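Below is one structure, written out as structure tokens; comments come after it.
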Amino acid sequence: MTPDRDEWRARTSHPVMVDTRSGAVGRLVETSASAVVLEPLTSGPEWTVPTAHARAATPEEVAAALAE
């Protein structure tokens, strides 16, 4: 099932990042010099990622995370 356009935009109103350690995709909630805090695009707890292991998500990665 594909989310409608408004739902997708609401879920991605913040920058979306990938935790390169696990491939998990999440909305950027908080940043510091050494880490970022991400929250899943669907449901689940926030998690902390060292900045060296975070990068911007591609549109394909966002779509795949929303489809889960």
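No experiment lies behind these values; they were computed from the predicted model shown. Below, all heavy atoms of this structure are taken into account, side chains as well, without hydrogens, waters or symmetry copies.
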*How would you list all residue pairs meeting salt bridge (charged side-chain N to carboxylate O under 4.0 Å, His left out) that involve residues 39-49, not counting sequence neighbours?*
R27-E39
*Write down the atom of P40, the atom of P45, and the distance for their closest heavy-atom approach.*
CD-O, 3.3 Å
*State plainly whether one hydrophobic cluster holds both V62 and M17, where clusters connect Ile, Leu, Val, Met, Phe, Trp and Tyr through side-chain heavy atoms under 4.5 angstrom apart.*
no
*Who are the side-chain contact (heavy atoms from CB on, under 4.5 Å) partners of S22, not counting sequence neighbours?*
D19, A24
Please tabulate, for side-chain N and O atoms in residues 29-38, each donor-acceptor pair with protein atoms closer than 3.5 Å (sequence neighbours left out).
unit_1: S32; atom_1: OG; unit_2: S34; atom_2: N; d: 3.4
unit_1: S32; atom_1: OG; unit_2: A35; atom_2: N; d: 3.2
unit_1: S32; atom_1: OG; unit_2: A35; atom_2: O; d: 3.2

*Minimum side-chain heavy-atom gap V16-L28 below 4.5 Å*: no
*Under the side-chain contact (heavy atoms from CB on, under 4.5 Å) rule, collect the residues that match up with P50, sequence neighbours excluded.*
R21, H53
*Tell me, which pairs form a salt bridge (charged side-chain N to carboxylate O under 4.0 Å, His left out) where one or both residues lie in residues 55-68, sequence neighbours left out?*
R55-E61
*Where L41 and G26 come nearest, the two heavy atoms and their spacing*: CD2-C, 4.3 Å
